[in-house]
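Remarks on the structure that follows.
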Amino acid sequence: MLDKVIREERAMLAKGAAVLDLITLIVSRLLGQELIHMALGLLFGTLFQLLLFTLLGLNVQRSLQTGDPPKARRVMAVGSFGRYILAGVVIWVGIRSPWLNVFGVVFPLFYPKILYFSRAVYQQIRSGKEEK
């Protein structure tokens with residue numbers, strides 16, 4: 001079962017991903033990209049990114065339940081390897097599929113980094129304004 005924290009973070013990522021998908025669609029339209037292929041690629045990539053995040057959360061939960069640091073490291077390493085393999089398969093499907101835009105498939109894989117970095121910058125700016 002998913003922990004409450006994982007569900008909340010996944011919901012935050014889903015909302016942020018929807019905004020980033022919309023921005024990406026607008027920019028790609030302005031650049032003359034075929035909208036349907038980009039939209040399908042973004043949908044595929046975003047859903048996969050949310051799956052990867054969920055798998056990461058489950059992997060962390062499983063490793064914390066072991067109670068043994070060496071075993072926990074092995075659990076995390078095997079889980080990371082599995083997620084990398086899955087990401088490679090998804091990227092390969094994005095490259096091979098005529099219906100998916102490759103950029104649309106790959107770009108959502110960076111959404112967690114973009115969203116967490118943006119949130120940290122926003123919080124830093126906000127805390128700086130509160131001090132003045």
Side-chain angles (χ1 to χ4, degrees):
M1 187 168 129
L2 283 178
D3 189 59
K4 180 183 175 192
V5 174
I6 297 170
R7 286 194 311 270
E8 289 172 356
E9 288 298 311
R10 186 177 57 188
M12 184 278 301
L13 282 174
K15 290 174 191 171
V19 171
L20 289 173
D21 282 347
L22 182 62
I23 292 169
T24 305
L25 278 175
I26 292 169
V27 170
S28 67
R29 181 68 181 151
L30 293 173
L31 294 174
Q33 294 289 317
E34 201 166 330
L35 210 52
I36 187 71
H37 296 294
M38 180 61 79
L40 289 173
L42 287 170
L43 178 65
F44 185 62
T46 300
L47 290 175
F48 183 73
Q49 173 262 324
L50 292 171
L51 172 68
L52 279 180
F53 185 80
T54 303
L55 290 174
L56 173 64
L58 290 171
N59 198 15
V60 168
Q61 275 183 335
R62 201 170 26 254
S63 70
L64 289 174
Q65 290 171 353
T66 63
D68 180 32
K71 187 174 180 183
R73 276 193 289 277
R74 280 193 303 276
V75 167
M76 288 301 295
V78 169
S80 294
F81 183 70
R83 286 191 311 278
Y84 283 129
I85 295 294
L86 284 173
V89 169
V90 166
I91 292 169
W92 181 79
V93 168
I95 291 169
R96 300 292 296 173
S97 173
W99 292 100
L100 300 174
N101 182 298
V102 178
F103 179 79
V105 172
V106 174
F107 187 54
L109 299 178
F110 295 97
Y111 284 179
K113 291 167 184 46
I114 294 167
L115 293 170
Y116 282 115
F117 180 76
S118 300
R119 188 164 67 173
V121 168
Y122 174 75
Q123 288 173 347
Q124 187 68 28
I125 291 170
R126 226 174 91 199
S127 68
K129 287 182 180 179
E130 291 174 0
E131 291 177 4
K132 292 180 181 182

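Hydrogens, waters and symmetry mates are skipped; everything else that's a heavy atom, side chains included, is used. What you see is a predicted model, and the numbers here were worked out from it, not measured in a lab.
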Side-chain heavy atoms under 4.5 angstrom apart, residues restricted to Ile, Leu, Val, Met, Phe, Trp, Tyr: same cluster for V106 and W92? yes

Less than 4.5 Å apart, any side-chain heavy atom of L86 and any of L55? yes

About how many Å separate CD1 of I114 and CZ of F107, when rounded to the nearest 0.5 Å? 4.0 Å

Interatomic distance, CD@Q124 vs CZ@R119, rounded to 0.5 Å, equals 14.0 Å

Can you name the nearest heavy-atom pair linking G94 to V105, along with the distance? CA-CG2, 4.0 Å

Please lay out, stage by stage, how Q61 and L58 fare under the test side chain to side chain contact (heavy atoms under 4.5 Å, CB included). CA-CA 5 Å; Q61 275 183 335; L58 290 171; 3.6 Å; yes

To the nearest 0.5 Å, how far apart are CZ in R73 and OG in S80? 13.5 Å

Between A72 and S63, the two heavy atoms sitting closest are CB-O, 3.4 Å

Identify whether L115 and F117 are in the same connected component of the hydrophobic contact network (ILVMFWY, side-chain heavy atoms under 4.5 Å). no

Pairwise distance CE(M76) to CG(L64) - rounded to 0.5 angstrom: 8.5 Å

With rounding to the nearest 0.5 Å, note down the distance linking CD in Q65 to NZ in K71. 10.5 Å

same_hphob_cluster(V27, L109) at 4.5 Å side-chain heavy-atom cutoff: no

Check whether more than 12 heavy atoms from other residues, nucleotides or ligands sit under 6.0 Å from atom OH of Y116, and answer yes or no. yes

F53 reachable from V5 in the ILVMFWY side-chain graph, under 4.5 Å edges: no

L42 and side chain to side chain contact (heavy atoms under 4.5 Å, CB included): which single residue from L47, L25, L22 fits? L25

Hey, are the side chains of T24 and F103 touching, using non-hydrogen atoms and a 4.5 Å cut-off? yes

Cluster question for you: counting only ILVMFWY and a side-chain heavy-atom cut-off of under 4.5 Å, with indirect links fine, are L51 and M12 together? yes

Heavy-atom closest pair, residues S28 and L35: OG-CD1, 4.1 Å

Side chain to side chain contact (heavy atoms under 4.5 Å, CB included) between Q49 and L13: does it pass, once the steps are laid out? CA-CA 9 Å; Q49 173 262 324; L13 282 174; 3.9 Å; yes

Heavy-atom pair of closest approach, residues M38 and G104: SD-CA, 3.7 Å

Looking at L43, is its backbone amide N or carbonyl O close enough to the side chain of T46 to form a donor-acceptor pair, meaning the two atoms are under 3.5 Å apart? no

Using the side chain to side chain contact (heavy atoms under 4.5 Å, CB included) rule, take D21 and Y111 through it: C-alpha gap first, then chi angles, then the decisive distance, then the call. CA-CA 10 Å; D21 282 347; Y111 284 179; 2.6 Å; yes

Between R10 and I6 (side chain of the first, backbone of the second, donor and acceptor by atom type, cut-off under 3.5 Å), is there such a pair? no

Side-chain heavy-atom pair F110, L20 within 4.5 angstrom cut-off: no

Could you go through the side chain to side chain contact (heavy atoms under 4.5 Å, CB included) check for N59 and V75 one step at a time? CA-CA 7 Å; N59 198 15; V75 167; 3.3 Å; yes

Taking all non-hydrogen atoms of both residues, which atom of P108 and which atom of G45 are closest, and how far apart? CB-C, 3.5 Å

